[in-house]
Amino acid sequence: MTAVDTKPSAGNAFARSIGHVLKARETGIAIALIAVVIVATVSNPNFLFSSDGFRDLLLTPSLLMVVAVGQAIVIITRNVDLSVGSVLGLTAYLTGRLFIDIPGIPPILVFVAGVGLGALLGLINGALVAFAKVPALVITLGTLYIYRGINVAWTGSDRINASDLPASFRDLGTGELLGIPLLTIFAVIVLVVAAWYLRNLRSGRELYAIGSDPAAAHLYGLRVTRRVIAAFVVSGALAGVAGVLYAARYGTVSSSAGLGLELQAIGAAVIGGVAISGGVGTVWGAAIGAYLLLTINRALPIVGIQDFWQRAVVGVLIIGAIVLDRVLAVRQHRRLIEQREEKP
Amino acid sequence: MVQTSTSASAAPPALELSRVVKSFGAVVALSSGSLTLEQGSIHALIGENGAGKSTLVKIVAGLYRRDSGDFRLRGEDVDFSNTAQSKAAGIAVIYQEPTLFPDLSVTENIFMGRQPTNRFGRIDRKAMRAEAVEIFERLGVRLDPDRLTEGLSIADQQIIEIAKAISLDARVLIMDEPTAALSGVEVERLFAVARSLRDEGRALLFISHRFDEVFDLCDTVTVMRDGKYIDTMPISETSIDELVRLMVGRDVTEMFPKLPAEVGEDVLVVEGLTSPGVFHDISFTVRSGEIVGLAGLVGAGRSEVVRAIFGVDHYESGTVRVNGAPLRKGRPTAAMAQGIALVPEDRRKQGLVLDQSVTRNVTLAIRKRLAKWGLIWGGLENAAAEIWASRLEVKTAALDAETGTLSGGNQQKVVLGKWLSTEPKVLIVDEPTRGIDVGTKAEVHRLISKLAQEGLAIIMISSELPEVLGMADRVLVMREGRLTGEFERADATPEAVMFAATAEGAAA
């Protein structure tokens with residue numbers, strides 16, 4: 001905490017942290033993102049330099065970013081949450097329903113309700129995974145359909161329209177502060193809090209430990225069950241937040257809101273260097289991954305790539321990221337073994 | 001009652017177990033376990049594999065819950081239902097196989113779950129790193145606190161485990177065969193640390209198979225056999241001979257019914273087998289009717305060599321020939337076709353399909369031969385299984401019982417049956433009697449001996465020295481990926497083999 005303490009090694013520590021940043025897996029993805037933006041901007045300067053272009057660049061990935069942060073937390077514990085798209089759909093519809101059924105309800109209450117519902121749905125996921133000892137892939141595949149089914153039954157052919165929502169609430173989805181969309185600011189706050197938590201609190205580090213080796217975590221006496229449930233609750237709550245923001249941003253909510261979002265969220269995390277086998281990666285990576293994923297989608301038509309190739313490009317990106325991770329992991333493993341043999 | 005070393009010390013024992021019972025279903029792992037650890041003393045716990053030592057340790061660690069018996073810490077009754085509770089009570093266990101998080105740094109591994117934090121619960125990384133450095137200095141080891149634990153040697157991983165125990169200020173430290181994979185220097189380093197911990201008033205439990213280490217390090221010793229407490233005595237009042245007698249309860253040579261076999265032609269010839277970082281320049285020959293023992297410490301690369309011969313793992317250079325014909329590398333099917341059979345180390349994971357019937361498991365490797373027009377007929381399958389089950393005396397309620405319900409020894413017989421049904425010329429067995437009760441163990445030994453008599457060339461990997469010495473016609477010793485010794489049966493003394501396995505002469 002004291003400044004005096006750091007003085008002797010300050011230069012060294014600074015150089016070390018620069019080295020860390022350069023070597024970090026997240027840096028590569030960020031560079032790729034910047035490259036995509038540059039290429040698209042060169043093809044059509046409006047991509048970045050029109051006011052709409054700049055706004056869309058920041059705004060489009062914001063919701064996915066929130067969900068991807070939650071997804072990354074779950075994946076770090078060596079689990080996966082496939083139900084996030086359905087959770088988002090349910091909370092988005094709940095948001096609209098509350099505004100319609102309770103005229104004059106303060107938006108903050110709607111927020112709390114959305115987060116609460118998301119957290120509850122996440123709790124169900126987590127409890128099933130932790131207590132039934134069934135792989136999360138199976139459990140959350142089940143709840144993906146169940147939550148979506150409830151949504152369809154509840155919504156029917158009904159839909160929420162922008163006119164059902166109070167203007168003050170819709171401003172949240174379109175408003176800006178100093179030229180930056182509110183949604184983006186919100187998403188970045190979520191990201192910073194999550195990243196800080198994962199790095200600096202015991203329970204955050206334990207999530208990495210659990211994902212790195214669940215059996216060792218058990219022997220260490222870590223509270224594995226509790227932590228895994230908490231990870232799912234966070235993922236659900238963030239999907240719930242994203243649901244409320246979805247309603248604010250788009251105004252229209254049908255029973256298909258958030259369909260397929262889970263795959264984008266997992267894709268974002270994997271592209272960002274979160275190992276699908278747990279224990280490795282950061283929410284920064286997942287967030288940048290979300291930006292890259294959606295920005296590429298918008299950049300491809302501008303660069304002149306046909307519609308049906310766009311999905312393939314996303315696929316190549318995901319596989320490319322996994323191959324890259326594998327190559328890096330093998331190289332690191334060799335290096336660590338060499339390091340041990342060099343040790344005097 | 002339990003005879004404890006009733007010294008006049010006023011302090012209550014650091015840890016006291018008496019007549020503790022633990023069973024798993026019908027299997028009694030511990031029928032009467034007793035143990036007393038005094039503060040400021042190093043206590044040895046010895047006994048054969050399967051004597052119940054590990055079960056006892058796991059009860060102390062809070063991994064298992066005892067069925068009955070007393071468990072006291074410093075005179076107070078305790079009962080742990082998880083590892084966190086035993087840790088909180090000041091017990092640290094260092095397992096044979098260190099359990100660390102490979103993706104996290106050395107420092108984080110030491111402090112996981114109880115990192116130093118500031119007032120707001122934020123982890124104080126600087127303080128944490130400083131404490132790690134301080135512990136390493138105190139232990140006199142050089143280890144980069146910032147590197148990942150992935151890729152560390154077993155010795156270094158154990159140092160991390162000990163650092164963990166020290167940072168926890170554990171009052172009771174249990175080390176389960178900590179020296180099994182260490183070199184001489186590393187053992188000395190570990191012992192120096194252990195003595196200084198004892199002098200600080202901690203109680204240490206040291207589980208080892210190496211008598212010289214027990215006599216070198218420990219103050220008192222408890223012997224266990226077949227899940228029971230046998231005796232406790234001060235180390236100064238006993239001898240290796242007495243301890244061995246108490247451990248086995250019978251003469252050692254009785255256990256290994258080695259039958260005379262006629263040694264014939266070279267069957268398996270391995271030349272210059274090398275896989276960088278795993279094993280180097282391995283050359284040896286196995287003849288028909290011969291049992292070649294492959295001895296060495298855990299992690300010496302023995303299993304890796306036989307896995308490479310069988311084609312499960314790749315190797316970079318060298319040749320393997322069976323009856324003169326070269327074997328393609330990396331192809332288990334080619335190895336099987338040329339008559340090699342491998343009974344793997346971990347029979348539950350690598351040797352058997354536990355949810356399937358005994359019949360299915362026995363016929364697994366010969367399904368092609370049993371098939372007619374691509375379909376397997378139950379009749380042929382049952383007949384083949386019956387032959388082998390009766391030849392190997394597999395004890396099972398029915399041949400269609402799930403293999404997972406059989407005892408360890410009978411499971412091992414099923415794996416053996418599976419491979420013998422392929423009519424191999426070379427049989428490789430990796431730790432054939434690990435976790436098998438004494439009676440069945442002898443049966444497995446007799447069986448292997450009989451197979452050699454029938455003309456099979458056999459390679460037997462075993463970490464139990466008496467087993468290797470009792471069974472093998474010739475003993476090869478590996479250390480750190482290299483062959484470091486070859487002994488004919490008559491010359492293979494425990495001292496000579498152990499020396500070759502540890503090189504610096506740690507145990508000799």
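Below, chains carry the letters A, B, ... as their sequence lines are ordered, and counting in each starts from 1.
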Most chain A-contacting option - heavy-atom pairs closer than 4.5 Å, from B/Leu104, B/Leu148, B/Asp103 | B/Asp103

Those residues of residues 67-82 of chain A that come under 4.5 Å of chain B on a heavy-atom basis, listed by number, are none

Can you sort out the partners of B/Lys87 under salt bridge (Lys or Arg N to Asp or Glu O under 4.0 Å), two or more places apart, ordered by chain and number?
-> none

For residues 215-223 of chain A, which side-chain donor-acceptor pairs fall under 3.5 Å, sequence neighbours excluded?
{"from": "A/Tyr220", "atom 1": "OH", "to": "B/Asn109", "atom 2": "O", "distance (Å)": "2.7"}
{"from": "A/Tyr220", "atom 1": "OH", "to": "B/Asn109", "atom 2": "OD1", "distance (Å)": "3.4"}
{"from": "A/Tyr220", "atom 1": "OH", "to": "B/Lys164", "atom 2": "NZ", "distance (Å)": "3.3"}

Members of residues 190-208 of chain A whose heavy atoms come closer than 4.5 Å to chain B | A/Trp196, A/Arg199, A/Asn200, A/Leu201, A/Arg202, A/Arg205, A/Glu206, A/Tyr208

Count the heavy-atom pairs under 4.5 Å between each of B/Ser86, B/Ala127, B/Gly113 and chain A, then report the option with the highest count.
-> B/Gly113

For B/Gln85, is it the side chain, the backbone, both or neither that has a heavy atom under 4.5 Å from a heavy atom of chain A?
-> neither

